[in-house]
Structures are given as C-alpha cells and as structure tokens.
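Working notes for the structure below.
Values below: every heavy atom of this structure, side chains too, minus hydrogens, waters and symmetry copies. Counting starts at 1 for both ligands and their atoms, following the listed order. Just so you know, these numbers come straight off a predicted model, no measurement behind them.
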Amino acid sequence: MVLSREQLSHIKTVFKHSEFFPNYPQDDTTQRAWIEIDETALHHNVQQIKNLLSPRTSLMAVVKADGYGHGAVKVANTVMAAGGDALAVATLQEGIELRLAEIEAPILILGVINTLEEVEALVHWQLEPTLCSLPQVQLFGETLQELGTMLPVHLKLDTGMSRLGMRWEEAISFVQYVQQFPELEIKSVYSHLATADEQDDRFMRLQQQRFESAIAQLDSINFTAPCLHLANSAATLRDSSFHYDLVRVGLALYGLSPSPHLSAIADLKPVLQVKARITQIKDIPAGAGVSYGHQFVAKEPRRIAVVGIGYADGVPRNLSNELQVLLKGKRVPQIGAITMDQLMLDITHCEHAQLGDIVTLIGQAEQEAITADDWAQQLGTISWEILCGFKHRLPRLSVKNAE
Ligand SMILES: *Cc1c(COP(=O)(O)O)cnc(C)c1O
C-alpha cells in the first residue's frame with residue numbers, strides 16, 4: 001500500500017471538490033460567476049495542431065496548473081477523445097488528480113520528484129517522471145530496486161533555458177549513469193526552449209543544435225532514445241523541424257497564440273469564457289465614491305451594477321478602473337477598486353441592463369470580444385498567467401458551441 005486510506009481520501013476531497021458542482025444548471029440565476037469551457041473549440045484546436053504534425057509525431061497535451069485554469073480533467077478527457085496521445089502536468093498531485101478521474105493516458109510529470117514517498121506514489125499511480133540530476137537518478141534507481149519494479153522515465157537536458165535538466169554537454173555521463181539501473185526504462189530524452197515565442201529565432205536554433213549534438217553524442221555510445229521532444233506551442237506552430245517524435249503543447253490547445261507573429265499559422269479558437277451576473281443595480285448621486293478607497297468618484301449621477309466576481313476568482317485587482325466587460329454586446333467600464341468577490345460597473349449608458357444579466361469578462365458577445373491576451377497586455381504580463389489565475393471557486397461548465 002503506497003498511500004494510506006486517510007491520505008487517499010484527503011486527496012480525493014481536495015481534488016474531487018469540483019464534484020460539488022455536478023452539471024451546474026446554466027440558467028440558475030443564483031450562480032454568481034462561472035467559466036464556460038467550449039469543448040467544440042478545444043476539439044477544433046487539437047485538429048488544427050494535429051494538421052501541422054506529421055504522422056510520426058505525437059501530441060502531448062500540457063494540462064498543468066489545472067489545465068491552464070480550464071479544469072485539467074475536462075481538458076484531458078476532451079483532448080484524448082480528439083486524438084491526443086499523452087498528457088503532461090507539473091506536479092505529482094496534478095497527475096494523481098487525473099488518475100483519480102480514471103484517465104489512463106501516459107502522464108509525464110514535468111517538475112521535479114525528489115523524495116522516496118513521491119517515487120512510491122509515482123509507481124502506484126503509473127505516472128512518468130522527469131529525471132534531471134544524478135542524485136535524483138540514484139534515488140529513483142535504488143527505490144525501484146527495492147520495490148522490484150520498472151518505471152518509464154524521461155531524461156531532461158538543459159540546452160539553454162537554465163532551468164531543469166542536465167547540461168547538454170553531459171548527456172553521455174547522464175545516460176550512462178541511468179543505464180546502471182535496469183529498473184529505469186528511458187522512454188524519452190527532451191529539452192525545453194527559452195525563446196520560441198520571440199520573433200528572433202537565433203537562440204531557439206542554437207538550442208536545437210545543442211539538442212542534436214547531445215543526441216549525436218548519445219549515438220556514439222550506441223544509445224538511441226525511443227522518443228525525442230523539444231517543442232512547446234510556439235515551436236510547434238513555427239517550424240516542423242522542431243517536432244521530432246512528440247510535441248508538448250499547452251497554450252495553443254486553449255486557443256491562444258504564444259505571440260502575435262504566430263497567430264496566422266493555425267486557426268485557434270479560445271476555449272474559455274469567464275462570465276458573471278449582475279447581483280444589484282442602483283443609482284448613485286454626484287459625489288458618491290465607489291468601492292474601497294473611493295478610487296472612483298461620480299462626477300454626476302450614475303447608474304452602477306454590482307457583479308459577483310472578484311480578484312479571489314482570478315480577476316486581477318490591478319485591472320481596477322481599466323477593465324471593460326461585455327454587457328448585451330457592448331463594452332461597459334468597470335469602476336472603483338475590484339474587490340475580493342465583487343466588482344462594480346458603470347451602466348449609466350446601458351439602459352436595458354437588469355438584475356441577473358450575464359456579463360462577459362473574457363469571451364465573445366455578439367460582435368465584441370475580450371481575450372486573455374487583452375488582459376495580459378493591459379497588465380504587462382502574458383496570457384499564460386491570466387489563464388492559470390482563474391480559481392477553483394469558479395465552476396467550469398461545458399458548452400458545445402457550433403463551429
Ligand atoms: C508548460 C510547458 C510546456 C507547454 O508550453 P506552452 O508554451 O504553453 O505550449 C511544454 N514543455 C514544458 C517543459 C513546460 O513546462
């Protein structure tokens with residue numbers, strides 16, 4: 001027994017808490033805020049990416065950070081049904097969450113596993129680790145020897161990201177050390193690109209050269225990796241010479257382009273929409289301040305709407321007074337500080353707004369659209385950070401929009 005009954009039930013409570021919202025009815029007006037996941041769009045994005053790949057290249061869907069805020073289980077199931085080949089997550093717990101949901105696909109853990117208990121859990125849950133240092137190889141080798149079991153492992157080379165991995169010049173000693181432990185079954189050798197989304201492709205190509213030189217070195221000791229991989233979304237989109245046997249795609253699956261200069265390569269559709277309801281409408285007189293600190297003071301009488309979503313749901317507080325939302329197909333300004341659970345809109349010019357109306361924070365409403373990229377630009381960050389900022393408190397609803 002690897003995990004005790006208590007540990008297991010704890011993990012189940014933590015990770016299955018999304019079951020507290022089983023098939024939440026979409027027309028339930030008590031629901032203050034939610035995320036809609038468009039399974040049709042996700043399916044479409046998988047097809048778009050697969051169209052770029054040769055038949056020899058597998059698609060590994062990166063569903064770390066709760067599927068970039070979309071809900072890892074839902075994304076994993078949809079992607080696998082749409083023709084994905086494998087999954088990747090960052091942590092052991094994220095991998096266990098998928099196994100508890102009875103997902104059987106191969107799952108690569110991209111992050112570091114460094115303790116004996118975690119190695120045991122990996123074996124139990126059939127999750128595949130990344131190996132990136134010699135002490136770690138030793139821990140794995142010895143633990144598996146004691147358990148008397150094999151484990152597929154993935155060797156990570158650092159070709160210039162200076163994050164996880166053995167330096168590419170050390171590929172031979174790395175592989176030879178791993179080969180001393182027959183329980184370690186090398187399933188792939190991989191590396192990660194630092195600048196694939198940038199217009200200037202010189203460093204990305206240098207990393208590729210280093211990767212290939214490491215592979216050539218391994219050839220010289222008669223080691224052939226069964227699978228090689230290097231590409232994230234950006235490299236997958238921009239150059240098929242980076243595809244090798246497998247691509248690890250995150251952002252593009254969710255329908256966003258890693259960079260504007262790559263957006264024409266595939267027709268990607270945003271998968272997630274963030275919506276909330278108007279929970280109160282009121283008129284305020286000239287001179288009234290709105291929200292904490294009165295950052296907004298009405299110069300003339302205003303009609304405001306309170307909306308049931310805030311920074312604890314993942315709407316960044318730094319967007320206060322800058323955010324716009326879509327209401328009845330029109331852009332409406334948000335006013336005053338965004339609070340933990342609520343925010344206010346100025347709906348003075350939106351006469352038809354009513355209690356219970358749905359407000360779109362990210363998504364499409366009639367002719368207007370607001371994307372995670374728009375928020376990222378306003379905040380000086382990247383869309384990845386916006387997406388994985390959406391919290392568990394928002395129920396994820398599946399919708400199937402027509403193509
Ligand atoms: C997150 C991650 C990816 C996916 O990156 P995207 O840019 O979202 O496609 C791929 N590989 C590794 C090692 C990662 O950590």
Side-chain angles (χ1 to χ4, degrees), residues 42 45-46 48-50 52-53 57-70 72 75-76 79 84-92 94-95 98 106-113 127-132 153-166 168 187-198 201 203-204 207-208 211 227-239 242-263 265-266 268 270-272 371-373 376 381-390:
L42 187 52
N45 297 337
V46 171
Q48 287 289 307
I49 293 159
K50 280 178 70 102
L52 299 171
L53 307 178
T57 302
S58 305
L59 173 60
M60 174 179 273
V62 181
V63 299
K64 61 191 176 187
D66 199 24
Y68 290 41
H70 293 61
V75 171
V79 170
D85 300 291
L87 301 167
V89 293
T91 68
L92 174 64
E94 288 176 343
L98 297 179
I107 299 174
L108 166 63
I109 314 279
L110 298 165
V112 180
I113 304 287
L127 301 167
E128 301 175 6
T130 296
L131 297 186
C132 52
V153 298
H154 301 258
L155 308 191
K156 178 112 189 238
L157 298 176
D158 173 11
T159 56
M161 173 79 177
S162 301
R163 197 171 64 177
L164 288 184
M166 292 281 285
W168 81 96
K187 198 166 163 188
S188 83
V189 173
Y190 79 101
S191 187
H192 191 47
L193 299 166
T195 63
D197 52 344
E198 287 173 18
D201 64 357
F203 191 71
M204 163 187 184
Q207 283 197 266
Q208 184 179 38
F211 188 59
C227 172
L228 298 172
H229 46 117
L230 183 59
N232 54 6
S233 292
T236 302
L237 290 171
R238 75 191 289 177
D239 186 341
F242 283 77
H243 291 177
Y244 300 95
D245 302 302
L246 178 147
V247 292
R248 304 184 306 270
V249 180
L251 193 75
L253 278 179
Y254 306 100
L256 291 169
S257 176
S259 175
H261 74 99
L262 300 174
S263 64
I265 297 169
L268 301 172
V271 170
L272 158 153
T371 64
D373 275 322
T381 183
I382 53 176
S383 56
W384 288 261
E385 187 183 8
I386 301 295
L387 291 178
C388 64
F390 292 114

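Every atom of ligand 1 is numbered from 1 in the order shown, and the set under 4.0 Å from a heavy atom of Arg163 is 15 (O). Set against the non-hydrogen atoms of Tyr68, the atoms of ligand 1 under 4.0 Å away are 1 (C), 4 (C), 5 (O), 6 (P), 8 (O). Counting atoms of ligand 1 from 1 in the listed order, those under 4.0 Å from a heavy atom of Leu251 are 6 (P), 8 (O), 9 (O). Residue-ligand proximity, Asn232 to ligand 1, at heavy-atom distances under 4.0 Å covers atoms 5 (O), 7 (O), 9 (O).
Ligand 1 has a nitrogen or oxygen under 3.5 angstrom from a nitrogen or oxygen of Gly250. Checked against a 3.5 angstrom limit, the closest N/O atoms of Lys156 and ligand 1 fall outside it.
Here the CG atom belonging to Asp239 is positioned 10.0 Å from the CG atom belonging to Leu230, to the nearest 0.5 angstrom. Between the CE atom of Met204 and the CZ atom of Phe242 there is a distance of 3.5 Å, given to the nearest 0.5 Å. Taking CD of Glu94 as the reference point, atom CG of Asp66 lies at 8.0 Å (rounded to 0.5 Å).
Looking at atom 1 (C) of ligand 1, its nearest protein heavy atom turns out to be Lys64 NZ, 1.5 Å. Protein heavy atom nearest atom 12 (C) of ligand 1, with residue, atom name and distance: His192 CE1, 3.3 Å. The protein heavy-atom contact nearest to atom 9 (O) of ligand 1 is Ser233 OG, 2.5 Å. Counting only heavy atoms of the protein, atom 7 (O) of ligand 1 lies nearest to Trp384 NE1, 3.4 Å. Here the heavy atom of the protein found nearest to atom 11 (N) of ligand 1 is Arg248 NE, 2.8 Å.
Residue Leu127 forms a side-chain contact (heavy atoms from CB on, under 4.5 Å) with just one option from Leu87, Val89, Ile109, and that option is Ile109.
Counted within 6.0 Å of CD on Gln48, heavy atoms from surrounding residues, nucleotides or ligands total more than 12; the atom is thus considered enclosed.
Between His154 and Tyr190, the ring planes are perpendicular. Angles over 60° get that label, and only those under 30° would be called parallel.
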